[in-house]
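From a predicted model like this one, the values you see are computed outputs, not experimental measurements.
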Amino acid sequence: MEIRREIELIFKEAGGILTTKDIIGKGISHYYIKKMLEERVIESLKRGIYKLSDLDIEESVEVSSMISKGVFCMFTSASMHELTTNIPIKYHVAIPKKDKIRLPNYPPIKLYYWDKHQYSIGIEEIKKNDNSILIYDREKTVCDFLKFKNKIGFSEAKEVLKTYLNQEERNIDKLVKYS
């Protein structure tokens, strides 16, 4: 029972989500990982990534932990920045162009494979409870919507731009720089 409390404490200190490497690095063997899975103390999000079952963790944090270099983009970042009224049915995540990712069956995720420059500009880290997620800032999100307006729809791009221009937190200099 003592090892169980130790594992729960390790998970809670890490925000509820750990990789196999992290767990083993804390001196916990594969045997205990398997035992905790069987007892449903932890659950597997994806191969090698686990979460503490009794913690209520936002789904966006789970997605972020499953895709290590993933950055929330397009409709997901627009929704998080309150730039759109659309509620995305999938998580939109950008990754470097040559990365290979194996996606879980759930939740639904749409990947965008972007070149180094397009991927690396405008990334910000935000906190969700005790966890960090990567998301593109408002200006990068607006630029992406304008860039892909023919694929996603002109009305969606127009809504994002109009909402952005009406917000007090806008930074027009940064928007121009990104464009």
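Remark: Glu39 engages Lys35 in a salt bridge, criterion side-chain N to carboxylate O under 4.0 Å.
One hydrophobic cluster, built from ILVMFWY side chains closer than 4.5 Å, holds both Leu103 and Ile95.
Side-chain N or O atoms of Lys46 include one that pairs as donor or acceptor with a backbone N or O of Met66 at under 3.5 Å. Proximity of a side-chain donor or acceptor of Ser120 to a complementary backbone N or O of Lys116 within less than 3.5 Å is detected. Here the side chain of Tyr119 pairs no donor or acceptor atom with the backbone of Gly70 at under 3.5 angstrom. Listed for the Thr84 side chain is no donor-acceptor partner under 3.5 Å among the backbone atoms of Val160.
In this structure, Glu139 and Asn171 approach most closely via the heavy-atom pair OE2-N, 3.1 Å. Across all non-hydrogen atoms, the minimal contact from Thr141 to His81 is OG1-CD2, 4.1 Å.
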Evaluate the criterion side chain to side chain donor-acceptor pair (under 3.5 Å) for residue pair Thr85 and Glu159; output intermediate values, then yes/no. CA-CA 8 Å; Thr85 56; Glu159 176 192 24; 2.8 Å; yes
Given Glu6 and Lys26, is the side-chain contact (heavy atoms from CB on, under 4.5 Å) satisfied, shown in steps? CA-CA 10 Å; Glu6 184 181 335; Lys26 299 283 186 178; over 6 Å; no
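Side-chain atoms of Ser77 and His92, non-hydrogen and from C-beta on, never get closer than 4.5 Å to each other.
Checking Asp22 against Thr19 by side-chain atom types alone, a donor-acceptor pair falls below 3.5 Å. In the model, Asp144 has no side-chain atom that pairs as donor or acceptor with a side-chain atom of Tyr112 under 3.5 Å.
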